[in-house]
Structure formats: structure tokens, C-alpha cells
2 protein chains.
Amino acid sequence: MTPKFKAAAARRTSRVAADHRERSFDVAYRKLRELIVRGRLSPGSRVVEADIARRLEISRTPVRSALHRLQQEGYVVAYRTTRQARLAVAPLTKEDSRELYWIVGHIEGLAGRLLAQQDEASRAHVVERLLASNAELSKLAEGGSGDPSRIFDLDMGFHQVLVDSAAGPRLSAIHAAIKPQTERYWRLYASAITDQLGKSVEEHAHIIEAIERGDADAAERAIQLNWQLGAERLARVIESLGERGSW
Amino acid sequence: MTPKFKAAAARRTSRVAADHRERSFDVAYRKLRELIVRGRLSPGSRVVEADIARRLEISRTPVRSALHRLQQEGYVVAYRTTRQARLAVAPLTKEDSRELYWIVGHIEGLAGRLLAQQDEASRAHVVERLLASNAELSKLAEGGSGDPSRIFDLDMGFHQVLVDSAAGPRLSAIHAAIKPQTERYWRLYASAITDQLGKSVEEHAHIIEAIERGDADAAERAIQLNWQLGAERLARVIESLGERGSW
DNA sequence: GAATCCGCGATTGTATACAAAAAAGGAGCG
DNA sequence: CGCTCCTTTTTTGTATACAATCGCGGATTC
């Protein structure tokens with residue numbers, strides 16, 4: 001195969017079938033966020049560009065981009081804010097968890113409000129997906145089997161449906177930026193969650209019912225309540241753990 | 001203060017105060033945002049890193065940082081999202097303005113809710129500042145004099161007091177990221193605003209009164225209403241301008 | 001004359017070199 | 001032993017060189 005031909009073929013495929021090569025700073029962002037969320041980078045520990053770059057085997061440039069974004073979203077904080085910032089993984093505190101859950105609850109509540117105001121046909125479609133999602137959760141709750149990651153993903157999916165089907169681009173963007181941070185706290189009480197799962201399923205049922213009725217106020221309240229109760233469950237666990245800022 | 005800390009602090013301040021230089025990417029962010037908000041970069045027009053870098057007389061590196069942030073906040077959008085992004089100034093549309101004002105109204109509404117739940121002493125202090133701020137606006141409204149920038153700054157200041165005195169760090173950050181974008185739309189009807197100013201002053205009075213009473217629901221609603229009415233005033237102006245995406 | 005292909009300039013993404021600044025450490029002095 | 005000043009090391013911010021890719025316009029072919 002001549003080089004020329006090969007080049008032409010490559011160009012054609014890149015135009016038609018998406019070449020799945022990702023930008024380095026997207027990869028860095030994704031991996032770093034994963035490391036933080038899963039606790040492989042301890043809350044409060046310093047984050048040094050060069051270290052991350054070595055770890056991910058790329059240069060500092062894309063790492064910088066990723067860190068800027070993570071900082072803006074709140075996964076990483078600058079604990080010295082003179083000309084040269086020093087970054088650290090954001091600590092997990094009771095106050096922060098309270099504000100985080102409160103905000104997410106209200107953001108999703110707004111999405112639910114919009115959703116409940118849509119016409120009946122659209123709502124019926126969404127309700128179907130919500131029911132399916134909640135049924136899976138219910139099955140897990142009864143089984144008592146507990147892969148916490150699976151539970152989180154399912155719960156996350158349920159809430160994602162709410163946002164995707166109603167929120168505009170801006171609200172979706174805000175939601176996408178802050179919602180995943182709840183996972184950091186979720187993992188704190190992952191073991192204690194299975195017995196609480198049944199309650200969550202119940203709360204979801206209330207949400208679905210309000211949307212089905214097209215009752216915007218009720219839908220918003222139900223979603224807020226779901227998050228508020230989640231925050232309280234979380235607070236109890238944090239309390240019992242003795243609120244250590246880092247681990 | 002122990003001698004140790006005092007000496008260290010003195011050394012630090014003396015060195016920092018000597019040259020209070022700002023990081024280039026902070027300057028770039030500020031200047032670029034200003035250019036976009038004031039319309040010197042037309043909505044929809046392409047944004048090229050090298051051009052901006054030449055214009056600000058710095059290298060592309062800090063410009064890139066600034067653009068990433070502006071993109072995340074919504075001032076700039078990627079209109080081709082393959083491996084190489086092409087950026088453009090976010091266009092001003094009726095839909096976007098509606099979502100923007102709606103979100104800001106709800107965010108600030110939440111801040112107002114928190115504020116109204118504080119103890120009476122704190123509230124009284126804030127109410128004082130709000131009254132002072134609104135009094136200035138009222139004076140401008142009566143005078144009919146109309147430096148629109150001054151009006152915007154005053155109105156912005158009023159709302160800023162609400163957020164600063166009640167919202168936690170996360171809510172404040174979200175607010176700080178999206179609120180300034182309303183100025184882009186505000187400027188569209190800056191000329192037609194002076195006669196509407198009286199109404200805004202009245203709406204502010206309702207907000208203040210609800211906070212003074214400590215009525216959280218009423219405070220939240222009043223703030224939401226203020227923004228909703230603002231959005232409607234804006235929509236009328238956009239309508240009359242024929243909704244041209246760029247100018 | 002229209003569609004397609006090719007090549008080149010324009011533009012973004014990445015790596016690296018360099019500058020500046022913060023922190024860490026160590027010698028000297030009391 | 002503690003404090004201060006100075007040097008050294010670590011780490012961030014900026015500039016620049018290089019690579020990859022996008023898009024446009026002209027050439028080619030039928």
C-alpha cells in the first residue's frame with residue numbers, strides 16, 4: 001500500500017467513522033476526577049502538576065488544563081492564592097456535604113419542575129424510563145445484594161433522566177459540573193447504604209407519581225426531599241465516623 | 001500575635017505589596033470577559049487564540065487558560081467539537097436569555113431564602129445595606145438621569161449583597177460564574193431601561209420587606225419575581241429588535 | 001461545468017525550555 | 001534552643017517550538 005493511498009484512506013475514515021482518539025486534557029480530566037472521586041487521591045492531599053503528569057505519562061500542559069477545570073468545579077481547591085497557586089484535593093466536610101446536597105437537590109428540583117410542565121405525551125415517555133430505572137433499584141434493594149458502585153450508577157441514572165429530558169443547556173451544564181461530586185460522599189457510607197436503599201426507592205416513586213400527574217410543585221418538592229433525606233442519612237454516617245477531614 | 005507570626009507576616013506582606021503583579025491568565029480572563037460583555041467582541045464571531053494573544057500582548061498559553069474558563073462559564077462556545085475545538089463568542093438568543101434569567105433568579109432566590117432564615121440581628125444588618133443600595137437606585141430613577149452602567153452596577157450590587165451575606169462558597173461560586181452574563185443582555189436595552197427602573201426599585205422593596213419579616217418563602221418568591229419580570233422586560237426589547245443573533 | 005481530490009495555510013493541542021516565586025533547609029548569631 | 005538571613009530545591013506560570021488537524025480553494029477528471 002503506497003503512503004499516499006494510506007493517507008487518503010486514513011483521512012476518509014477520520015471523516016466518516018469517528019476516530020476515537022481523545023484529547024489528552026480530556027483524558028487527564030476524566031482520570032483525575034476518577035482518582036479523586038474514588039479516594040485514590042486523599043482529600044486534603046497536595047496535587048502537584050509534575051507528579052500527575054508523570055503518573056499519566058503526559059506533559060504538564062494538558063494536566064494544567066484539567067486541573068483548572070477541576071478547580072472551578074470544586075474537586076480541587078487552591079489553599080494559597082497568591083501569584084502561585086498550590087492545589088489540594090478538596091476536603092470532605094460536613095458543611096460542604098450539606099451545601100452540596102442542598103444545591104443539587106434544588107437544581108434537580110428545577111429540572112423536575114420543568115419536566116412536570118411538559119405535555120402529557122412527553123411525560124409519559126419519561127415516566128416509563130424512570131419506572132424502569134427504579135424497578136432495577138428496587139430489585140437490588142430486595143435482593144440485599146450490594147455492589148455499591150452499581151447502586152450509585154443506577155441512582156445516578158435515575159436522576160440523570162430527569163435532567164436530560166427537561167433542563168436547558170445551562171442548567172444541564174451546572175448539574176453535570178456539581179452532581180458527580182456527591183459520589184465522593186456517597187462512598188463514605190457505601191457499606192451502610194443497602195438497608196437505606198428501600199427508602200430511596202420509595203422516594204423515587206413519589207417523584208414519578210408527581211411527574212405523571214403533571215404537578216410541578218409536588219415534583220420539585222419530592223426531588224428536593226429525596227436529596228435532603230439523602231443528606232441527612234449521610235450526615236449521620238459522617239457523625240458516626242467522627243468527621244475526620246482526611247483519611 | 002506571637003513575634004514569630006508577626007515577623008513572618010511582615011516579611012510576606014512587604015514582599016507581596018512591593019509588586020502586586022497579577023497572573024497573566026487572570027488579566028486575560030478579565031479583559032476578555034470585559035470585551036465580550038461590552039460587545040466589543042460580537043456575539044457569534046470567531047475567537048482565535050493567536051489573535052487574542054497579539055491583542056493582549058501575551059503568549060497563547062494564558063489566553064488558552066482564560067478561554068477554557070470562559071467556555072465553561074458560557075461566554076464562549078465551541079461550535080465544532082471534534083478533536084480541535086473552534087471557539088466563538090456565545091450568541092445572544094431569546095431562549096438563552098430566558099434560561100439564564102430563570103436560573104439566576106432561582107439561585108439568588110435560594111440565597112434569599114437562607115438569608116431570611118438567619119437570626120434577626122444579622123438580617124437587620126443586611127437590610128440596612130439593601131435599603132441604602134435601593135435608595136441610590138431610587139434617586140437615579142427619579143432623576144431620570146441615565147448612565148446605564150451606573151444603574152447596572154448598583155443593581156448588581158444590590159443582588160450581590162443578598163448572595164454575599166447568606167450563600168455558602170459553592171452557591172456563591174455558581175452565582176459568580178453565571179450572574180455577570182446577564183450584563184450582556186442588559187446592554188441590549190440599556191437605553192430603554194430608565195423608565196423601567198422605578199418598577200425594579202419597587203420589586204426590591206418587596207424583597208427587603210420579606211427578608212426583614214424573616215419570611216423565607218416570600219423572600220425567595222420576591223427575588224424570583226424580580227428576575228422573571230426582568231426577563232419579560234428583556235424579551236419585549238429583544239422582540240422589538242427583531243432578534244438578530246449578532247449586531 | 002460539477003464533483004472530487006489534493007495540498008497548503010490557518011488554527012488548535014502538546015511538549016519542553018525558561019523565568020519567577022514559594023517553601024525547605026542550613027549556617028550563623030544571640 | 002530559637003530566630004534570622006541566605007542558599008537551594010521544588011513548584012508554578014509563561015513563552016515558544018513542534019505536531020496534528022481542520023478547512024478552504026484550486027487543480028483534475030469525467
Side-chain angles (χ1 to χ4, degrees), chain A residues 2-31 45-71 76-88, chain B residues 1-29 31 45-71 76-88:
Chain A
T2 74
K4 219 175 182 177
F5 193 92
K6 211 161 73 177
R11 186 161 333 123
R12 217 169 305 132
T13 54
S14 80
R15 205 187 304 174
V16 178
D19 195 341
H20 279 354
R21 251 163 45 196
E22 229 175 333
R23 287 121 100 202
S24 294
F25 74 85
D26 283 332
V27 179
Y29 169 79
R30 206 162 29 76
K31 289 192 177 177
S45 68
R46 278 211 50 192
V47 177
V48 176
E49 287 180 4
D51 294 347
I52 307 291
R54 266 192 299 275
R55 188 164 180 169
L56 302 184
E57 296 182 317
I58 53 178
S59 83
R60 276 179 51 215
T61 310
V63 174
R64 277 183 71 75
S65 301
L67 285 177
H68 269 114
R69 184 167 166 196
L70 289 166
Q71 184 183 355
V76 161
V77 294
Y79 68 92
R80 283 286 191 272
T81 172
T82 41
R83 254 181 292 182
Q84 278 194 172
R86 300 292 156 114
L87 301 181
Chain B
M1 189 184 270
T2 72
K4 190 169 159 185
F5 284 154
K6 208 163 77 177
R11 187 171 43 209
R12 214 172 315 144
T13 53
S14 74
R15 204 186 303 176
V16 168
D19 53 347
H20 189 294
R21 253 165 41 197
E22 225 176 336
R23 286 122 100 204
S24 294
F25 74 84
D26 282 332
V27 179
Y29 169 79
K31 289 191 176 176
S45 69
R46 276 210 48 190
V47 176
V48 176
E49 287 181 5
D51 293 349
I52 307 290
R54 267 192 298 276
R55 188 164 179 170
L56 302 184
E57 296 181 320
I58 54 178
S59 84
R60 276 178 52 212
T61 309
V63 174
R64 276 181 71 76
S65 301
L67 285 178
H68 269 114
R69 181 167 169 196
L70 289 166
Q71 183 184 354
V76 161
V77 293
Y79 68 92
R80 285 286 190 271
T81 173
T82 40
R83 258 177 289 180
Q84 277 194 170
R86 298 292 155 111
L87 300 181

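Worth knowing before you read on, the calculation uses all heavy atoms, side chains too, and leaves out hydrogens, waters and symmetry mates. Numbers restart at 1 for each chain; the letters A, B, ... are given by sequence-line order, proteins then strands.
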* Asked: In whole angstrom, what separates B:Leu67's CG from C:dG13's P?
  -> 10 Å
* Any A:Ser65 side-chain N or O less than 4.0 Å from OP1/OP2 of C:dG13 -> no
* A:Arg83 CZ - C:dA19 C1' separation (whole Å) -> 12 Å
* Asked: How close or far is atom C1' of C:dA15 from atom CD of A:Glu49, stated in whole angstroms?
  -> 14 Å
* To do: Test A:Arg46 against A:Tyr79 for side-chain contact (heavy atoms from CB on, under 4.5 Å), laying out the working first.
  => CA-CA 9 Å; A:Arg46 278 211 50 192; A:Tyr79 68 92; 2.9 Å; yes
* To do: Take the protein atom CZ of B:Arg23 and the nucleotide atom C1' of C:dA19, then report the distance between them rounded to whole Å.
  => 16 Å
* Of all the choices, C:dT14, D:dC22, D:dA15, which nucleotide is nearest to the side chain of A:Pro62 once you look at every atom? -> C:dT14
* Asked: Under 4.0 Å between a side-chain N or O of A:Arg80 and OP1 or OP2 of C:dA23?
  -> yes
* Roughly, in whole Å, what's the span from CG in A:Leu87 to C1' in D:dG13? -> 12 Å
* Asked: Any donor-acceptor pair under 3.5 Å between the side chain of A:Arg60 and the base of D:dG13?
  -> yes
* Ignoring backbone atoms, establish whether A:Ser24 has a side-chain N or O less than 4.0 Å from OP1 or OP2 of C:dT14. => yes
* To do: Nearest whole angstrom, please: distance from the P of D:dA20 to the CZ of B:Arg86.
  => 16 Å
* OP1 or OP2 of D:dA15 under 4.0 Å from side-chain N/O of B:Ser59 -> yes
* So which one's nearest nucleotide on DNA chain C is more toward 5', A:Gln84 or A:Glu57? -> A:Glu57
* Rounding to a whole Å, what distance do you find between A:Arg54:CZ and D:dT10:P? -> 10 Å
* State the NE2-OG distance between B:His68 and A:Ser65, to the nearest 0.5 angstrom. => 4.5 Å
* Asked: Does the side-chain contact (heavy atoms from CB on, under 4.5 Å) test come out yes or no for A:Arg86 and A:Gln84, once each step is laid out?
  -> CA-CA 7 Å; A:Arg86 300 292 156 114; A:Gln84 278 194 172; 2.9 Å; yes
* **Under-4.0 Å side-chain N/O to phosphate OP1/OP2 contact, B:Arg21 with C:dA21** => yes
* Integer-rounded Å distance: D:dG13 P and B:Glu22 CD -> 13 Å
* To do: Report the nucleotide, chosen from C:dA15, C:dG13, D:dT12, that has the shortest atom-to-atom distance to any side-chain atom of B:Ala85.
  => C:dG13
* To do: May I ask you to say whether A:Arg30 pairs ionically with A:Glu22, meaning some side-chain N is under 4.0 Å from a carboxylate O?
  => yes
* Listed nucleotide nearest any side-chain atom of B:Phe25, set D:dC22, C:dT14, D:dG13 -> D:dG13
* Asked: Contact class for B:Val63 (heavy atom, under 4.0 Å): base, sugar-phosphate, or nothing?
  -> nothing
* Structure fact -> Shortest non-hydrogen pair, B:Ala28 vs B:Ile58, comes out as CB-CD1, 4.0 Å
